[in-house]
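Below you'll find the structure, written out as structure tokens, and then a few comments.
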Amino acid sequence: MGDTRTFAPQVYDYERVAVDPVTFEVVHHRLISISEEQAATLSAISGSPLVNDASDFNTGIFRARGEIATMGKTVLFHAASVAEMIKHIIEDCSVNPGIRPGDMFLVNNPYKGALHQPDFGMVAPAFHDGKLYAWIGVCAHQLDVGGAMGAAATEVYQEGMLISPVRVVENDEIRSDIMSVVLGMSRMSQNLALDFRGMIAANRVALRRLEETIAQYGIDTVLSVIDGAIDAAERAVRARLAELPDGVYRSQKYLDHDGYENRLYRIHVEATKTGDRLTLDFSKSADQVARFMNCTESGLLAGLRAGLLPILAYDLPWNEGVFRPMEVIARPGSMVSAKFPAPVSQGPLGAMWIVEMVVTEALSLMVATHPRYIAEAQAAPNGGPDGFNVTGTNQHGERTAGSTLDQIYVGGGAYHDHDGLSPQGHRHIPAIRLQNVERNESHAPLLYLYRKFIPDTGGPGRYRGGVSVGHAYLLHQVKMMQAHFACHCYESPISTGLFGGYPAACNTRRLLRHSSARRMLESGRIPYDTAAIEGQFEPLPAKVRGAVDFSDQDFHECAPSAGGGWGDPVERDPALVAEDVRWNAVSREMASEAYGVVIDEDGSVDAAATGARRAAIRAQRLSWPRHKTLESPPALLSGGAETLSLWGDRAKIERMAGGAYLVCDCGHAIAPANENWKLYARRASATAAQLGPRIAMHAELEAVRYACPACARLHWVEVKRKDEEPLFDMEIFHA
């Protein structure tokens with residue numbers, strides 16, 4: 001295998017040079033295209049549906065110490081994960097076995113940078129004149145990594161192979177002995193081997209393209225462009241933060257059910273903006289548990305960055321500079337920074353997923369204070385994919401495992417001026433692709449009965465959350481498989497709305513034993529309306545320990561959660577509600593209950609009945625109690641009120657005689673700006689049925705609506721523990 005001496009590399013110390021703007025852009029876009037060619041190479045070689053159909057991977061170029069230089073637009077979690085892997089490779093391998101030209105390292109240990117064991121990273125160092133100047137990396141989700149991932153796991157050892165940084169390519173040759181050890185721990189070693197070769201090829205292509213770029217422009221120019229782009233992104237983010245009002249922006253959500261008990265686990269963030277700095281503090285999140293929903297520190301960073309990038313860096317290069325103004329605080333031993341050997345196999349769909357959601361919500365509140373940046377604020381995305389995996393022997397006699405990934409066709413959160421996309425797909429996969437039904441049926445023994453939009457999944461609002469796609473299937477050409485179920489957001493509405501918008505639907509699933517579906521098909525009827533299917537309903541918790549028998553006589557359907565709404569639903573244009581009903585995005589019942597819109601039999605709006613219904617809703621809100629009232633309404637300044645910041649798009653923080661106040665657009669001063677306004681609002685609890693037919697509420701949770709005391713505009717819908725005070729979501733500091 002050549003020279004086996006250790007090699008602790010020196011970092012290339014280059015001379016920063018001035019690069020003209022045209023050359024800068026040419027080189028910078030060349031680097032971005034290298035990451036895209038990495039992705040194309042992996043996809044061309046990989047046989048995995050996770051890579052080719054669901055884009056569950058990412059690629060990137062990284063500086064010598066692991067700083068992100070470029071990253072792809074596939075799963076954002078993975079690029080942040082590779083950056084952490086590189087830091088562990090440097091720490092663990094620099095002295096022994098050394099880091100040399102022609103090496104590549106494999107990692108899937110979530111305590112060494114991976115998100116969970118199915119996410120393998122393949123990382124290669126890049127050298128110039130014998131010195132390290134960059135890294136190339138790719139991370140992809142694998143179908144099977146051995147072990148018994150699932151709710152039964154109580155420590156990470158039970159969740160599959162655990163590969164700390166190991167050199168699998170040496171002097172540009174694959175270490176077949178090490179590769180055999182790794183492949184021998186997977187039930188689907190052929191798929192894993194093909195993915196590994198695709199990842200190695202992707203890195204080799206990127207290394208070659210980098211060398212060609214350096215040969216054309218020079219190492220000093222290329223590194224000056226990389227570091228210049230990082231510096232530019234940092235300056236832009238700092239400038240944006242400086243424009244926003246200082247304050248604390250809070251969000252919290254709850255994971256429900258741990259596979260053993262139907263307990264709630266809080267993920268909480270306080271985003272404190274001071275000048276051009278942002279501190280994200282997760283210290284109030286729940287302690288880690290001996291269950292598989294935790295995430296490690298690398299998972300925390302991955303979820304945080306995925307939440308932050310589309311909001312603060314929507315038009316910037318996605319690189320290390322975006323994150324330099326951030327400080328992250330987490331409590332070791334918490335669910336979002338678990339200590340070894342806590343189980344983490346559902347971390348990306350558990351604690352890490354919720355990290356992305358709370359960061360998205362907190363930063364959306366922050367940018368919703370400014371007229372230039374409110375367009376980037378978005379209600380919460382889908383609350384989590386309902387894991388449905390089938391394992392066993394497929395119709396071709398082959399071992400198969402893995403999810404269909406139908407769960408990614410979910411509606412997006414609403415914005416201040418338009419509805420969420422239907423479907424948007426998962427928010428952290430900007431370049432998402434949707435799997436083809438026929439392809440899924442070709443490698444898994446499934447027969448789809450439908451894939452369709454499900455009404456009342458998007459959160460109601462003045463602008464509605466996007467609608468999700470549901471799916472239903474039977475087994476086909478086999479008698480029995482093993483099914484695995486694991487998710488959350490079943491009794492905890494996680495996809496909450498903003499500024500009066502309602503939460504989106506919870507995840508729902510239905511498993512019928514000995515169903516009539518196959519008999520209906522055999523008689524020539526396609527049960528597109530599955531309400532007519534009969535069978536023995538088997539209730540399932542959010543997370544199921546172990547496998548569930550799934551026979552060819554059983555029927556399963558799932559409706560994912562979607563995106564939350566924005567604004568008071570009774571302010572939505574009735575014509576849009578009628579269109580929603582015609583399109584089957586909203587049921588007639590919810591049109592009346594949430595939107596106050598009455599639809600005639602012909603699908604048109606009954607204007608008179610709608611006016612009466614909305615008036616009744618507002619009158620009812622005005623009867624709600626409030627805990628505190630302003631002792632004396634503030635007087636206007638001589639020149640009128642001074643607007644200090646927006647507070648969403650239907651209220652403002654205004655300075656009046658006596659101080660700063662939260663003021664509804666109707667002109668009513670609701671509360672002093674330095675106090676929790678919810679204590680001054682009219683408030684009332686809402687039942688799950690009032691929020692929507694697909695909402696379920698854990699016994700320890702409640703949904704509380706908050707309205708303006710004067711005009712009855714709904715300003716907030718909060719899902720919280722019954723024993724907790726209302727969360728002070730937007731604590732804006734104004735002198």
Side-chain angles (χ1 to χ4, degrees), residues 77 80 110 115-116 248-259 261-272 279-308 326 328-339 342-366 379-385 413 426-428 486-496 498 503-504 506-507 542-543 561 564 698 700-701 718-721 723-724 727-729:
F77 292 155
L115 307 179
H116 60 170
V248 183
Y249 305 88
R250 300 178 178 91
S251 176
Q252 62 186 18
K253 300 182 187 299
Y254 297 91
L255 287 164
D256 54 339
H257 211 293
D258 60 18
E261 300 176 89
N262 193 13
R263 297 177 56 194
L264 295 174
Y265 300 91
R266 179 171 72 168
I267 308 296
H268 179 284
V269 68
E270 288 189 358
T272 302
T279 299
L280 295 140
D281 187 346
F282 295 87
S283 299
K284 295 180 181 178
S285 298
D287 292 340
Q288 71 181 49
V289 292
R291 303 290 179 257
F292 69 151
M293 315 104 69
N294 307 291
C295 71
T296 62
E297 183 179 345
S298 57
L300 168 66
L301 294 175
L304 185 158
R305 291 172 176 181
L308 181 149
M326 319 296 165
V328 181
I329 299 172
R331 182 168 47 83
S334 66
M335 285 193 75
V336 298
S337 187
K339 290 181 178 179
V344 294
S345 56
Q346 207 213 12
L349 309 184
M352 191 177 92
W353 191 283
I354 307 304
V355 165
E356 182 198 359
M357 297 192 72
V358 296
V359 169
T360 297
E361 187 164 270
L363 298 190
S364 289
L365 298 180
M366 183 178 72
N382 155 264
H426 292 324
R427 182 179 175 277
H428 54 260
C487 193
H488 48 262
C489 190
Y490 280 89
E491 294 183 292
S492 176
I494 292 173
S495 302
T496 46
L498 287 182
C506 293
N507 283 315
K543 302 173 182 67
S561 72
H698 191 280
E700 297 176 19
L701 293 176
E718 179 180 17
V719 177
K720 68 178 192 68
R721 283 185 181 271
D723 59 354
E724 290 183 341
L727 187 66
F728 195 174
D729 308 83

Any idea which heavy atoms bring [X] and [Y] closest together, and the distance?
| X | Y | answer |
| --- | --- | --- |
| N294 | V289 | ND2-O, 2.8 Å |
| C506 | C489 | CB-O, 3.2 Å |
| V269 | L280 | CG2-CD2, 4.1 Å |
| P381 | M357 | O-CE, 3.0 Å |
| H426 | P385 | NE2-CB, 3.8 Å |
| Y254 | V719 | CE1-O, 4.5 Å |

Say you draw a straight line from [atom1] of [X] to [atom2] of [Y]; how long is it, rounded to the nearest 0.5 Å?
| X | Y | atom1 | atom2 | value |
| --- | --- | --- | --- | --- |
| E724 | E718 | CD | CD | 8.5 Å |
| D256 | L701 | CG | CG | 8.0 Å |
| D729 | T496 | CG | OG1 | 9.0 Å |

Check ring-ring contact (aromatic ring centres under 6.0 Å, His included) between Y249 and all other residues, then give those that pass, not counting sequence neighbours.
->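 Counting only residues at least two positions away or on another chain, Y249 forms no ring-ring contact (aromatic ring centres under 6.0 Å, His included).
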Can C295 and V344 be said to form a side chain to side chain contact (heavy atoms under 4.5 Å, CB included), step by step?
-> CA-CA 5 Å; C295 71; V344 294; 5.6 Å; no
4.5 Å side-chain heavy-atom contact, [X] and [Y]:
| X | Y | value |
| --- | --- | --- |
| S337 | R331 | no |
| K720 | L727 | no |
| E356 | F77 | yes |
| M293 | Y265 | yes |

Is the side chain of [X] donor-acceptor paired with the backbone N or O of [Y] at a distance under 3.5 Å, no angle test?
| X | Y | result |
| --- | --- | --- |
| S561 | G383 | yes |
| H257 | E491 | no |
| E270 | V248 | no |
| S251 | E361 | no |
| D287 | S334 | no |
| K253 | P493 | no |
| R427 | A306 | yes |

Step by step, would you call Y490 with N262 a side chain to side chain contact (heavy atoms under 4.5 Å, CB included)?
-> CA-CA 10 Å; Y490 280 89; N262 193 13; over 6 Å; no
Quick one: side chains of residues 297-305, donor-acceptor pairs under 3.5 Å with protein atoms, not counting sequence neighbours, listed by atom name and distance.
| from | atom 1 | to | atom 2 | distance (Å) |
| --- | --- | --- | --- | --- |
| S298 | OG | P110 | O | 3.4 |
| S298 | OG | A114 | O | 2.9 |
| S298 | OG | T296 | OG1 | 2.9 |

Only one of R263, R266, R721 forms a salt bridge (charged side-chain N to carboxylate O under 4.0 Å, His left out) with E700, so which one is it?
-> R721
Option among D258, L255, L264, N507 that satisfies the side-chain contact (heavy atoms from CB on, under 4.5 Å) test with H488 =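 One option only clears the test, and that one is L255.
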Could you give the side-chain donor-acceptor pairs of residues 345-354 under 3.5 Å, partners two or more places apart or in another chain?
| from | atom 1 | to | atom 2 | distance (Å) |
| --- | --- | --- | --- | --- |
| S345 | OG | E159 | OE2 | 2.6 |
| W353 | NE1 | N382 | O | 3.1 |

Side chains of S283 and D281: do they bring a donor and an acceptor to under 3.5 Å?
-> yes
